[in-house]
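Following: one structure in structure tokens, then a few remarks.
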Amino acid sequence: MDYEVIVIGGGPAGLSAALNFGRGMKRTLVIDEDKPRNRVTNESHSYLTQDGISPIEFKQKAKRDVAKYEDVSFLEDSVLDIQQCATGFEVVTQRRSFKAKQVLIATGLREKGPNISGFNEFYGQSIFYCPWCDGYEMRNRTLAIIYADEMMIHMVKLLSNFSKKLIVFTNGENNIALEDKVILDKKGIDLYTEPITQFIGDNGDLDAIKLANEKTVKVEGAFTKMDWDTHFSFLENLSIKRDENDKIEISPFGETSVEGIYIAGETKDNFAGQLIDAASNGGMVAKMMMMTQINEDF
Ligand SMILES: Cc1cc2nc3c(=O)[nH]c(=O)nc-3n(C[C@H](O)[C@H](O)[C@H](O)COP(=O)(O)OP(=O)(O)OC[C@H]3O[C@@H](n4cnc5c(N)ncnc54)[C@H](O)[C@@H]3O)c2cc1C
């Protein structure tokens, strides 16, 4: 059976889109490999009516909302490729392939953290990247800020809202702008430029950061730079245009340079946001996609 829409990704962007497709009575398949970035953490904050909910429960509730609509079905699988065909697109998964007129890509971001021993043990528990998501829970603690680029002082300012006990670690980068050093000095914030060799602590609680010179610095949590991109291998065969910042180019309605392929959520931003932003954008793009289908009848 061919679908009117295939949604790739079952995070807030994909599921919010699917809810709208279901209510718009569009035959929809949601394909999700269920490895969202936020699976490493226990609580999600800032989503009105759902503040503090676990990511697992949030997703279960969202899927229950969508499952009420008979036109939407779910498949847990990984998409490997998307090919253009006479009727639209053929989406190839690990196990089979499916056809649809339109495809919505809501697969979030590919994410890489710093390559430091112990990182995975603490990421999502006491090491984060988003002060608006997790700053409140880390308030008033001694916090490491692991940044070396032009975002360092921005993060210092932002995190100073949540704690006055901040320490900057550049993880091996010595080339720090003089004006940044002046700001850190003025605020009495220590700066360590040695490479970090290890995160130390227990049960997800970070206690200390070990440096290459064997020095150990006591901390109670950290915010670190992460690397994100949207170079999913399943996109390789589509010549989707990107802008000079590597963002996928889209129309105001979320359509990419390949007619019929849309993107939503963090895939659209090429940068981390919040659940509520992704859900809102997924719903908006779904309505625009349906309007395109409706317009074809006139
Ligand atoms: C540690 C951490 C803490 C966070 N805390 C908060 C918080 O407190 N509050 C908040 O609002 N936000 C928080 N976030 C951010 C939030 O998780 C994201 O903003 C949101 O999940 C983005 O939604 P999305 O739908 O764009 O992508 P995602 O939620 O990442 O969903 C993408 C889905 O696509 C699937 N997928 C990817 N590739 C494929 C493929 N090839 N085939 C099939 N499926 C695929 C993935 O497995 C995933 O299920 C946090 C994130 C992290 C990492």
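Whatever order the structure lists them in is the order used to number ligands and atoms, beginning at 1.
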Residue pairs, two or more places apart or on separate chains, that pass salt bridge (charged side-chain N to carboxylate O under 4.0 Å, His left out) and touch residues 248-261
none

With atom 5 (N) of ligand 1 as the reference point, say which of Ala62, Gly14, Cys133 has the nearest heavy atom.
Cys133

Mind checking whether Ser46 has a heavy atom under 4.0 Å from ligand 1?
no

Taking the non-hydrogen atoms of Cys130, is any one of them nearer than 4.0 angstrom to ligand 1?
no

Salt bridge flag under 4.0 Å for residues Asp71 and Arg23:
no

Once ring pair (Phe, Tyr, Trp, His ring centres under 6.0 Å) is applied, what residue pairs with a partner in residues 7-45 remain, sequence neighbours excluded?
none

Checking Gln102 against Lys26: is there a side-chain donor and acceptor pair closer than 3.5 Å?
no

Options Pro36, Ala278, Pro55, ranked by nearest heavy atom to atom 24 (P) of ligand 1, top entry
Ala278

Quick one: which of Glu266, Arg242, Lys247, Lys268 gives a side-chain hydrogen bond (donor to acceptor under 3.5 Å, both in side chains) with Thr230?
Arg242

Assess Gly273 for proximity to ligand 1: is some non-hydrogen atom of it under 4.0 Å away?
yes

If you take the nearest heavy atom of each of Glu111, Arg39, Glu266, Lys268, which one is closest to atom 18 (C) of ligand 1?
Glu266

Heteroatom proximity flag, Thr41 to ligand 1, N/O under 3.5 Å:
no

Give a yes/no on ligand 1: does Asn281 have at least one heavy atom closer than 4.0 angstrom to it?
no

In this structure, which one of Thr170, Asn175, Asn174 forms a side-chain hydrogen bond (donor to acceptor under 3.5 Å, both in side chains) with Thr193?
Asn174

